[in-house]
Amino acid sequence: MLGPSFFARPPLVCARDLIGLDLVWGPCHGRIVETEAYSAIGDEACHTFSRKSTRDFLKRHTPGTAYVYLNYGMHWLFNVLVKGGGGDQDGFVLFRALEPTAGLARMRRRRGNATDRALCAGPGRLTQALGIDERVHGRDLCGSGTHGIVESKSPKPAVLADLRIGITRSAELPWRFLAADSPFVSVRATARAQKL
DNA sequence: TTCCAGATCTTA
DNA sequence: AAGATCTGGAAC
């Protein structure tokens with residue numbers, strides 16, 4: 001299980017390094033194939049830009065804490081707090097897509113029997129498949145043996161950096177990270193995606 | 001492939 | 001009162 005030191009690094013580094021690792025959520029497991037970085041400094045799309053409550057959350061919690069919120073009134077979105085040091089390297093990583101590897105029957109039940117490819121392809125679908133909601137907000141992802149992130153046996157995939165999805169502010173930043181060639185991402189890489 | 005409703009929270 | 005890190009279904 002990854003410890004707090006993994007999350008004591010800047011959002012861009014964490015978001016990139018999470019690609020290819022395994023998210024373990026009770027009996028449900030999945031390989032992380034898509035993330036986005038959000039920075040507390042210089043990023044108007046980060047909740048810290050407009051929300052005092054999020055700035056307070058960042059101050060009061062340790063790296064590796066889950067940050068979960070409701071979007072568009074109906075989708076839970078699952079992030080992890082990262083603190084790269086000094087306050088100017090802090091932020092969040094949003095989990096956007098998984099390649100499901102275990103507990104697929106359970107995920108299908110929660111997802112209305114979606115196809116395997118659509119089970120966790122998208123931040124709202126991912127939380128629905130895993131049963132993540134407000135109860136997970138503030139939970140330490142480094143503190144249990146059953147809910148967190150582990151190294152994967154399979155080799156690290158090639159990683160691409162592309163524009164983030166669905167945002168209007170700071171939309172030009174290439175802070176979405178994807179496993180190249182994975183069919184389990186929510187939106188495939190565009191022509192301007194950069195190899196890392 | 002494109003469009004749009006749906007439902008709730010936070011902030012201004 | 002406005003806008004939001006989205007999804008599924010319907011219309012083309």
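Throughout, a chain's letter reflects where its sequence line sits, starting with A, and its residues are numbered from 1.
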Pairing donors with acceptors under 3.5 angstrom, does anything connect the side chains of [X] and [Y]?
| X | Y | answer |
| --- | --- | --- |
| A:T65 | A:D140 | no |
| A:E34 | A:S186 | yes |
| A:T48 | A:R55 | no |

Phosphate oxygens OP1/OP2 of B:dA12: is one of them under 4.0 Å from a side-chain N or O of A:S50?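 For B:dA12, neither OP1 nor OP2 has a side-chain N or O of A:S50 closer than 4.0 Å.
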Expected output check: what is the dot-bracket annotation of DNA chain B, where ( ) and [ ] are pairs inside the strand (brackets for crossing ones), | is paired with another strand, and pairs are Watson-Crick or G-U under 3.5 Å? ||||||.||||.
Sequence-aligned protein contact record of nucleotides 2-9 of chain C, with B where the base is within under 4.0 Å of a protein heavy atom and S where only the sugar-phosphate is: --BBBSS-
Which word best sums up how the rings of A:F92 and A:Y67 line up, parallel for under 30°, tilted for 30 to 60°, or perpendicular for over 60°?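 Ring orientation, 0 to 90° scale: tilted.
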May I ask you to decide whether A:E36 forms a salt bridge with A:R96, counting only side-chain N to carboxylate O separations under 4.0 Å?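 Between A:R96 and A:E36 there is a salt bridge, with a charged N closer than 4.0 Å to a carboxylate O.
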Between A:D22 and A:K153, is there a salt bridge with N-O shorter than 4.0 Å?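 Here A:K153 does not pair with A:D22 in a salt bridge, since their nearest N and O are not under 4.0 Å apart.
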side-chain contact (heavy atoms from CB on, under 4.5 Å) partner of A:F7, chosen from A:L81, A:T62, A:V82: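 Output: one option passes, namely A:V82.
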First locate atom CG of A:L173, then atom OG of A:S39, and finally report the distance between them rounded to the nearest 0.5 Å.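 Answer rounded to 0.5 Å: 9.0 Å.
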